[in-house]
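Small disclaimer: the values here were computed from a predicted structure and weren't measured.
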Amino acid sequence: MSAGVVDDRQAPSTPLVLTSGGDERLTVDWHGSGVNQYFTSPLARPDVIVRSSCTASPSTLQGLAVAEAAHQRLHRITATADPDAAFDDAMESLRYRLGDVLGLAAHRDDYHTILTPSGTDAEMVICQMALAHSNALQAGAGRPSAGAVRVHNIFVAADEIGSGSVRAGGLQYFNRTTPDGSRVTVGPVDERVASRVRVSAYPARSQTDPALQSMQALEAALAEQVRISVTEQGQVVILHLVGGSKTGLSTPRLSFLQRMKQTYGEHLVAVVDLAQMRCKIELVRTCLQNRFCVLLTGSKFFGGPPFCGAVLIPVAETRLPAAPVPGLGRYLSRFDVDVRLAELRDALPTRRNHGLFLRWHVALDTMERYQAIDPVQRDTFVAAWLENVRQTIAASRCLHLFEPGAVGAGDAPPFEIPAPNTIVSVMVSHPGEERRGRFMGYPALQRVYRWMATDISGLLPHNADKMTRGLARRKCLLGQPVDLYPGSNSRAVLRIALGAVDILRGVQGPTQAAQVLQEDRQVIAKLALIAEHDDDQKK
């Protein structure tokens, strides 16, 4: 059976459905390791310490129970006289729940919601919307494009967002499989349409380009690029703000995006990427009120099964093509789209994405329970967690904190994302190497990331004691390594990320809080163990 399609007649298990309706990132090695490329599983793994919510998380017992209940609902839906209509209603109910938990219940008429198989897929929706903007402007009084390119899609901190986002933003297939189960070639979804889109990708940091070494310099460079694209080339510009990157960076400033939108109006599609969702929920409403599109997921901070995304589009900005690029139907179906967007829905296939349905049920359950936590209790636990992690790392000679900060030293972040940062970035060195400014690069940290998630006791020296072997056997999931300055090989980090699932555990009482903090000490101890014995393990 294709990973993208679930046959109703086969009555597949709930874990199998959870991994359907996406791309190969969801593929699980059922006959081997039992995990996907992120070392996460749709099965609950209570023996694994999970600090990987900035990348992906395995299922929990609570999540599986929610998924099983949603799966039973699917069985009832498919037994109705009109399963498509019943499934459509159920997906609309999910969109309503998402709006409610985001505090948007009173503003439902002000935005549209499209659920997407992943946050990456949402970039295709944004690009198609910008093309529709361009077509409308050229058909009316707008300035015609000076060339074949009609849309300029500008990504900021492109090296610290989803790896396929830049490709998707250029209307390109970014993986070899699509949510409908098709096999595709990485590249343009449609050559003719993709040729109308230009993509620019600005890095999160730069050691060599002075124009990108401070927030002010970056914003000046972005402003000039937008001006040229709109006023000289007649293009519609998509401008991204990343509200929490892989390391917690937020760039550019919200005030800058507001100024750009006020200056260029419908010639600029403003997008706030909140995929990590490590922010105050109120921020979503603020963005929509400023006519910014919002990308979000339920599968990062909130620990829903990978992957479940959404794009929220202000009604005033909504202009989607009645005839979308044909390949969009491989990612979306009519049931994923807000019922008010009738033209777009009619152009999409009637494919029921059961995996997306289950994954969003799990994510929304966590979101709703998280929002019910007393804020003071939550912030107290998060502060204790952060202090515990920092102190434990500081006590190790091979582990070193990396502070993401803003783009340049001394620049204030545009808004609290998060407060405080629940992603701790760690540089790793071999013993004594840090004195020479030498830290493990990206390839080495990929190996460490893999070892953290597996039992490596067999790689230890034969004289390792029982306690050390027990620590080496412990499986710990971290956020994937991030290459901070791609190409220079000077800095790379692994990430320890606190997610909503563990915050919910930590606020239950002193015993549960102590257990979470002890888990982090074990994670850091294993990471230090690997750094100490890395040369032995490579052999």
Side-chain angles (χ1 to χ4, degrees), residues 1-23 25-28 42-43 56-57 59-60 62-80 82-102 112-122 125 177-181 296-300 302-312 329-339 341 345 348-368:
M1 187 193 309
S2 167
V5 178
V6 171
D7 189 335
D8 295 337
R9 297 168 298 179
Q10 294 185 17
S13 68
T14 296
L16 182 60
V17 178
L18 282 170
T19 61
S20 69
D23 53 55
R25 292 175 293 175
L26 293 180
T27 301
V28 172
L43 302 173
S57 302
S59 292
T60 63
Q62 166 77 15
L64 272 180
V66 172
E68 181 60 36
H71 196 189
Q72 293 302 317
R73 186 180 179 192
L74 274 177
H75 286 311
R76 294 192 295 271
I77 286 171
T78 55
T80 61
D82 190 346
D84 282 351
F87 187 76
D88 203 8
D89 289 342
M91 290 293 282
E92 184 71 355
S93 177
L94 281 179
R95 289 188 285 270
Y96 267 64
R97 280 182 66 190
L98 177 59
D100 289 348
V101 79
L102 295 174
H112 295 125
T113 304
I114 299 176
L115 301 181
T116 59
S118 77
T120 308
D121 306 330
V125 176
T177 57
T178 56
D180 71 340
L296 56 87
T297 74
S299 46
K300 299 294 186 183
F302 289 109
F307 291 98
C308 46
V311 53
L312 309 185
R330 289 177 169 159
Y331 292 88
L332 295 180
S333 86
R334 64 174 291 129
F335 307 127
D336 306 330
V337 177
D338 196 307
V339 295
L341 300 176
R345 284 165 55 89
L348 292 170
T350 55
R351 181 182 65 254
R352 300 194 294 272
N353 192 331
H354 292 178
L356 183 62
F357 179 79
L358 264 59
R359 294 191 292 272
W360 262 116
H361 269 88
V362 178
L364 284 167
D365 173 73
T366 304
M367 294 173 77
E368 290 161 349

Inset, instruction - Rounded to the nearest 0.5 Å, what's the gap from OG on Ser13 to CG on Leu43? Could you check? - result: 8.0 Å
Legend entry - Residues in side chain to side chain donor-acceptor pair (under 3.5 Å) contact with Glu68, at least two apart in sequence or another chain: Thr14, Gln72
Inset, instruction - Determine yes or no for a side-chain-to-main-chain donor-acceptor pair under 3.5 angstrom, with Thr19 supplying the side chain and Thr27 the backbone. - result: no
Inset, instruction - Check whether any side-chain heavy atom of Arg73 sits under 4.5 Å from a side-chain heavy atom of His361, and report yes or no. - result: yes
Legend entry - Separation of Thr113 OG1 from Asp336 CG (nearest 0.5 Å): 12.0 Å
Inset, instruction - With the side chain counted from C-beta on, respond yes when Glu368 and Arg97 share a heavy-atom pair under 4.5 Å apart, and no when they do not. - result: yes
Legend entry - Trp360 vs Met367 side-chain heavy atoms within contact, under 4.5 Å: yes
Inset, instruction - State, to 0.1 Å, how close Arg359 and Leu26 come at their nearest heavy-atom pair, and which atoms those are. - result: NH1-CD1, 3.8 Å
Legend entry - Close side-chain approach of Pro117 to Asn353, heavy-atom, < 4.5 Å: yes
Legend entry - Short N-O contact, Arg345 and Asp88, less than 4.0 angstrom: yes
Inset, instruction - Kindly indicate whether the side chain of Ile114, heavy atoms from C-beta on, has any atom under 4.5 Å from the side chain of Leu341. - result: yes
Legend entry - Student check: side-chain heavy atoms of Leu74 and Leu358 closer than 4.5 Å: yes
Legend entry - Residues Asp84, Arg352: salt bridge by 4.0 Å N-O rule: yes
Inset, instruction - Check the side chains of Arg25 and Ser118 for a donor-acceptor pair under 3.5 angstrom, ignoring hydrogens and angles. - result: yes
Inset, instruction - Would you give the length of the straight line joining atom CG of Leu18 to atom CG of Leu64, rounded to the nearest 0.5 angstrom? - result: 6.5 Å
Legend entry - 4.5 Å side-chain heavy-atom contact, Thr178 and Asp23: no
Legend entry - By ring-ring contact (aromatic ring centres under 6.0 Å, His included) - contacts of Phe335 (at least two apart): Phe87
Legend entry - Interatomic distance, Asp180 atom CG to Arg330 atom CZ [nearest 0.5 angstrom]: 6.5 Å
Legend entry - Distance in Å, Arg95 CZ paired with Leu115 CG, rounded so as to fall on 0.5 Å steps: 5.5 Å
Legend entry - Closest non-hydrogen atom pair between Ser299 and Pro306, with its separation: CB-CA, 4.1 Å
Legend entry - Any Leu312 side-chain heavy atom under 4.5 Å of His112 side chain: no
Inset, instruction - For Asp82 and Thr80, test the side chains for any donor-to-acceptor distance below 3.5 angstrom and give the result as yes or no. - result: no
Inset, instruction - Mind checking the CD1-CG spacing from Ile77 to Asp89? Nearest 0.5 Å is all I need. - result: 8.5 Å
